[in-house]
Engineer: 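Here it is: the structure, laid out below.
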Amino acid sequence: MSDNKWTQLLGGDTAPKKNAPELVVSHTPKPVYKAFEIQDKLLGFTVHCPSVQTGHQFFFHHLHTVTFNEPDYTFLFLTTSTSVIKIHGHNLQPLSLALGMHTCKSMTEFHKELHTAPPPDDGEPFIEKIEVSLIKGAGDTTR
């Protein structure tokens with residue numbers, strides 16, 4: 001076989017050019033932060049605390065008080081039959097009303113790794129931190 005036939009069979013003297021590999025980075029967009037969700041006819045609400053990787057389920061019939069600072073609404077203080085819940089943030093009046101009307105389905109503190117930051121001072125509720133503390137003795141069954 002002549003060199004010409006080899007060239008024809010193999011496609012030329014040089015290896016076919018390969019396209020440079022493309023850098024593929026999959027960026028799944030973070031969900032937009034929403035401080036709380038509402039829904040009608042609820043028995044309870046969920047508290048999501050991603051900063052400490054915990055969640056809590058509370059039932060409205062165990063909710064005793066919702067305390068807030070007026071007129072700023074930068075904190076809420078909830079007492080239940082088993083816990084004390086401290087919520088720090090801003091524009092929390094809609095959350096306070098939803099808790100009072102038993103329409104709060106869930107609340108979530110903001111976590112920069114999980115949520116897209118909302119625009120500053122957009123007037124929407126924003127939860128910076130949620131602290132849940134068990135009331136001493138509330139879970140004791142020994143006497």
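Side-chain atoms are counted along with the backbone in the values below, which use heavy atoms only and exclude waters and symmetry mates.
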Engineer: Could you tell me whether a side-chain N or O of Q57 sits under 3.5 Å from a main-chain N or O of G44, the two making a donor and an acceptor?
Structural biologist: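 Flag not set: sc Q57 to bb G44 has no pair under 3.5 Å.
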Engineer: Can you confirm whether or not the ring centre of F75 sits under 6.0 Å from the ring centre of F68?
Structural biologist: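 That pair fails the under 6.0 Å test.
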Engineer: First locate atom CG of L76, then atom OG of S96, and finally report the distance between them rounded to the nearest 0.5 Å.
Structural biologist: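 The OG atom of S96 is 5.5 Å from CG of L76, to the nearest 0.5 Å.
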Engineer: State the OG1-CD1 distance between T67 and I85, to the nearest 0.5 angstrom.
Structural biologist: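 These two atoms lie 11.5 Å from each other.
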Engineer: Can you give me every donor-acceptor pair (side chain of residues 30-39, partner residue at least two apart or in another chain, under 3.5 Å) with its distance?
Structural biologist:
from: K30; atom 1: NZ; to: K112; atom 2: O; distance (Å): 2.8
from: Y33; atom 1: OH; to: T108; atom 2: O; distance (Å): 2.5
from: Y33; atom 1: OH; to: I127; atom 2: N; distance (Å): 3.1
from: Y33; atom 1: OH; to: I127; atom 2: O; distance (Å): 3.4
from: E37; atom 1: OE2; to: S106; atom 2: OG; distance (Å): 3.2
from: Q39; atom 1: OE1; to: K105; atom 2: NZ; distance (Å): 3.4

Engineer: Atom CZ of F58 and atom OG of S81: how far apart are they, to the nearest 0.5 Å?
Structural biologist: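 Here the interatomic distance stands at 9.5 Å.
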Engineer: Rounded at 0.5 Å granularity, tell me how far NZ in K129 sits from CD1 in I87.
Structural biologist: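 Reported value, rounded in 0.5 Å steps: 12.5 Å.
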Engineer: For N69 and T74, what are the C-alpha separation, side-chain angles and deciding distance, and is it a side-chain hydrogen bond (donor to acceptor under 3.5 Å, both in side chains)?
Structural biologist: CA-CA 7 Å; N69 65 324; T74 57; 3.0 Å; yes
Engineer: Between V84 and I135, is any pair of side-chain heavy atoms under 4.5 Å apart?
Structural biologist: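 In contact.
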Engineer: Over all heavy atoms of both residues, which pair between F110 and H115 is shortest? Give the atoms and the distance, please.
Structural biologist: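 Reported closest heavy-atom pair: CE1-CB, 3.7 Å.
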Engineer: Output the distance between atom OG (S51) and atom CD1 (I130), rounded to the nearest 0.5 Å.
Structural biologist: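 Answer rounded to 0.5 Å: 8.5 Å.
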Engineer: Restricting to non-hydrogen atoms, name the atom on D122 and the atom on P118 that form the minimum distance, rounded to 0.1 Å.
Structural biologist: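 What the structure gives for the nearest pair is OD2-CB, 3.8 Å.
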Engineer: Rounded to the nearest 0.5 Å, what separates atom NE2 in H62 from atom OG1 in T80?
Structural biologist: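 So the NE2 of H62 and the OG1 of T80 are separated by 8.0 Å.
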Engineer: Quick one: do N91 and Y73 satisfy side-chain contact (heavy atoms from CB on, under 4.5 Å)? Show the steps, please.
Structural biologist: CA-CA 6 Å; N91 301 325; Y73 287 90; over 6 Å; no
Engineer: Please identify each residue that fulfils side-chain hydrogen bond (donor to acceptor under 3.5 Å, both in side chains) with E131, with sequence neighbours left out.
Structural biologist: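 Applying side-chain hydrogen bond (donor to acceptor under 3.5 Å, both in side chains) to E131 gives H88.
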Engineer: State, with a plain yes or no, whether a side-chain heavy atom of M107 is found less than 4.5 Å away from one of L99.
Structural biologist: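 Yes - at least one pair of side-chain heavy atoms lies under 4.5 Å apart.
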Engineer: Can any side-chain N or O of S83 pair as donor or acceptor with the backbone N or O of V132 at less than 3.5 Å?
Structural biologist: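 Not a single qualifying donor-acceptor pair exists.
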